[in-house]
Amino acid sequence: MYSVFPLLNVTNDIANAAKPAAETSRSFGLPWLPGGSSGASDGAALAKSAAITCMDMLDEMVYVGLLGGQVITYQFNKKEGSFTFIQSQSTIPQQVRIVQLHVLPGTQTVAVLADTILAFYDLSMHPLSIRPLKGITAIAVNQSAVENGPPVDQLVITRRRTLTQLQLKRAGSSLAISELKEIPLPDGAQRLVWRDNHVIVADARDYRLVRLADGQRLALAPFDQHSPNSPRQDFRPHMAFTSSSEVIVTCGRPDGPGLGLFFSTSGEPVRGTVQFPVYPKALGFHYPHIVTLVRALHDDVDHLQVHHLLDLCAKQRDPLPLHATGFLTVPYGARMMHGCAVEILVRERDALYGLGCPPIVEQVRDALKAGQLDVALALAQAALPSDAHERFLAQASLGVRYLNACQLEDALTLFKKAGVPPKLVLHLYRPDAEQYRLGTDEADLLNSLGALSSFQTIVDLAVHKMYGSTDHLDSASVQGLRLTLQENMAHFLAEYLEWWRGSRDLVDPVIELGLLEVSLAANSPRQGPRTDAGDLRPGPVGRRARLRRVAPPGRRGTALVRAVAHHAACGECAEDSGFVDTVGRERVAACRDH
């Protein structure tokens, strides 16, 4: 399920960059290589100082904070999913551990918390003209703004006894900071996560929810249940938002099992409980998976453990081939690296590894194969806006699944959400028509979505599924069902084409031609009785009703739409089987009744 692969190694990258000349090392500002000297002691100092503590990204730029007080800048290659070393820059003060850093796109600023000093830099890591803030214990940015916009230009910080919301404004090399809100926090904070109006705070023993709007503080749960004599290494609070209205927190003892508890943003317990064999060293969330790093007590080996959010069942537990120290989260949604969707990075002292998960579209297909339509729908809806292609494939695949099952209401909803190209749908309606012939890429896309060959195939399978054998194929009830399904399919197509046309400013001749064909079929004399088709929607009957749908007010100006209106009143055109293929101004004008 999840796989681990290397991305970068800070020690190697800095050492390689410093090889050409001693001056190069000095230009990078590396305090652990004084005067560009080299040797075993310098190598050991480099390895110690190069331990990774935090990371953030903005587009292709990657900023990695180190234990020795440096920020390493990389460039991310989207096509190859690789990282290229650019530079190392010392922070102020030097050689002080970097605790957190965040890139704020709204002000083109990098906020760096070194020990308890919060300093601000431009994207090239040059200090801005503002006095650093002191006595800061934790900082956070709004995850909702990171994922959905607007550009981040605010921070939440904690001092010893207060939580403060800051507004940043940039003017050249100067930065102005104003306090929007200050909320008392008697027990301080070790860690923060912030989403919209809610900040989850972990102090020395408890998790609390703080509402920025009214300053209300709600106790959630204690995370520290240790005895005074128990070991405390790697025992830290972990929390993550699983949605805009839900958060998971961990609690337990350093020498015993751990629990994952879910709370709503109103402070109420929700869902069930996730159980861990030992208290996790790290926790990450990559929808729909809760990912933890746990160390087995019997073999002292780190294990990757994955639970599914929707059923809270364990899906994976594998040993890691490295000594991991924690997780880092990729901002702005998952990135494609090595053919996998990566939203969580595994940290191993001076190296970062990608934690690759199959793309959401593959997870949707797996859920569909298992018959888990609710899971597939939740996955499709959870794709972030930054994952537009993944969102399209997931929603379109699920929509096609509903279409194949003749669940047309659900199919229509998902087709609209995904924005399936109308030509693909028209090809299913008339796969033999030259005007709807698909190119190679379009055909591959349609096949990848799992579509059947045509609407007629879908109808045939539905009829066969309902009646089983072919003994009754000539009966009136079977023919009535077939005609009803065909009308419903045509109605589905017409409604989707009308929605697409209404959401676009330009008139697409292919859309107009498709609506014309549906109108011709709807206005042709039907054979056989109508039958009950369950939850399928019957198409509108009657020439006038269909005409209003095909040619709404303000859309009768094009030749094709005028042709539809003309055909409805012209019996001669209705009898012309070549009318659809030759429709246009010339064909309509040639009719003696036009």
Side-chain angles (χ1 to χ4, degrees), residues 2 52-56 99-100 102 113 137-141 143 156 158 187-195 198-210 219-226 230-243 246-265 267 269-297 302-309 312 314 316-317 320 324-331 343-348 355:
Y2 278 87
I52 297 172
T53 58
C54 51
M55 185 276 296
D56 203 356
V99 180
Q100 291 177 262
H102 289 290
L113 179 61
T137 58
I139 63 175
V141 295
Q143 292 183 7
V156 162
T158 55
D187 297 312
Q190 294 185 32
R191 290 195 58 202
L192 305 172
V193 288
W194 172 25
R195 191 178 185 98
H198 303 94
V199 181
I200 309 299
V201 176
D203 56 36
R205 298 189 65 88
D206 301 306
Y207 296 103
R208 302 182 188 278
L209 184 147
V210 179
L220 297 181
F223 83 87
D224 188 350
Q225 301 174 357
H226 77 289
S230 63
R232 296 181 54 81
Q233 186 178 5
D234 295 329
F235 187 65
R236 300 179 182 88
H238 304 301
M239 59 260 201
F241 277 97
T242 58
S243 71
E246 183 181 279
V247 65
I248 179 175
V249 301
T250 59
C251 61
R253 300 194 312 269
D255 56 347
L259 297 175
L261 307 178
F262 295 89
F263 293 90
S264 69
T265 48
V270 294
R271 297 189 188 271
T273 300
V274 179
Q275 297 184 0
F276 310 112
V278 294
Y279 188 83
K281 294 171 58 178
L283 176 139
F285 182 72
H286 183 176
Y287 190 91
H289 300 126
I290 303 157
V291 185
T292 52
L293 180 66
V294 296
R295 173 161 295 183
L297 297 177
D302 289 330
H303 286 72
L304 185 71
Q305 186 162 317
V306 180
H307 290 78
H308 202 288
L309 177 67
L312 303 184
Q316 181 179 0
R317 179 176 167 81
L320 285 177
T325 57
F327 289 159
L328 298 174
T329 300
V330 177
E343 194 166 347
I344 299 173
L345 303 179
V346 181
R347 188 177 70 212
E348 186 191 33
L355 192 58

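When reading the values below, keep in mind they use all heavy atoms of this one structure, side chains included, and skip hydrogens, waters and symmetry mates.
- Of the possible donor and acceptor atoms, none in the side chain of Lys281 sits under 3.5 Å from a partner among the backbone N and O of Asp302.
- Using a distance-only test at 3.5 Å, with no hydrogens or angles considered, a donor-acceptor pair links the side chain of Tyr207 to the main chain of Thr250.
- Around atom CD of Gln275, no more than 12 heavy atoms belonging to other residues, nucleotides or ligands sit under 6.0 Å away.
- Partner Leu355 forms a side chain to side chain contact (heavy atoms under 4.5 Å, CB included) with one of Leu328, Leu345, Ile344, Val306 and no other, that one being Ile344.
- Remark: the backbone N or O of Thr53 is paired with a side-chain donor or acceptor of Arg347 at under 3.5 angstrom.
- His303 is not listed as a side-chain neighbour of Pro277, based on a closest heavy-atom distance of 4.5 Å or more.
- Taking OH of Tyr279 as the reference point, atom NE2 of His238 lies at 4.5 Å (rounded to 0.5 Å).
- For the atom pair Leu192 CG and Met239 CE, the distance stands at 6.5 Å (nearest 0.5 Å).
- For the atom pair Leu261 CG and Arg271 CZ, the distance stands at 13.5 Å (nearest 0.5 Å).
- In this structure, the side chains of Val294 and Arg317 come closer than 4.5 Å at one or more pairs of heavy atoms.
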query: Going through the checks in order, is the ring-ring contact (aromatic ring centres under 6.0 Å, His included) test met by His198 and Phe241?
result: CA-CA 10 Å; His198 303 94; Phe241 277 97; 7.5 Å; no
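- Proximity of Arg191 to Arg236: side-chain heavy atoms (C-beta onward) are nowhere separated by under 4.5 Å.
- We find the CZ-CG distance between Arg208 and Asp187 to be 5.0 Å, quoted to the nearest 0.5 Å.
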message: Evaluate Tyr2 against Val291 for side chain to side chain contact (heavy atoms under 4.5 Å, CB included), listing each step before the verdict.
response: CA-CA 10 Å; Tyr2 278 87; Val291 185; 4.0 Å; yes
- request: Take Ile200 and Leu220, measure what side chain to side chain contact (heavy atoms under 4.5 Å, CB included) needs, and give me the verdict at the end.
  value: CA-CA 9 Å; Ile200 309 299; Leu220 297 181; 4.3 Å; yes
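- Closest non-hydrogen pair, Asp206 versus Phe223, comes out as N-CD2, 4.0 Å.
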- request: Before giving the answer on side chain to side chain contact (heavy atoms under 4.5 Å, CB included), spell out for Phe285 and Val247 the whole-Å C-alpha distance, their side-chain angles and the decisive distance to 0.1 Å.
  value: CA-CA 10 Å; Phe285 182 72; Val247 65; over 6 Å; no
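- Contact between Ala282 and Gly326 at its shortest, heavy atoms only, is CB-CA, 3.9 Å.
- When all heavy atoms of Val201 and Gly188 are compared, the closest pair comes out as CG1-O, 3.8 Å.
- For the atom pair CG (Leu283) and CG (Leu293), the distance works out to 10.5 Å, reported to the nearest 0.5 Å.
- Within the 4.5 Å cutoff, no side-chain heavy atoms of Ile139 are placed close to those of Trp194.
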task: Decide side chain to side chain contact (heavy atoms under 4.5 Å, CB included) for Ile290 and Val274; before the verdict, give the C-alpha distance in whole Å, the side-chain angles of both, and the deciding distance to 0.1 Å.
output: CA-CA 9 Å; Ile290 303 157; Val274 179; 4.2 Å; yes
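- Pro222 approaches Cys251 most closely through the heavy-atom pair O-CB, 3.2 Å.
- Atom OG1 of Thr137 and atom CD of Gln190 lie 9.0 Å apart (nearest 0.5 Å).
- Taking 4.5 Å as the limit, some side-chain heavy atom of Phe276 sits within range of a side-chain heavy atom of His307.
- Aromatic ring centres of His289 and His308: separated by under 6.0 Å.
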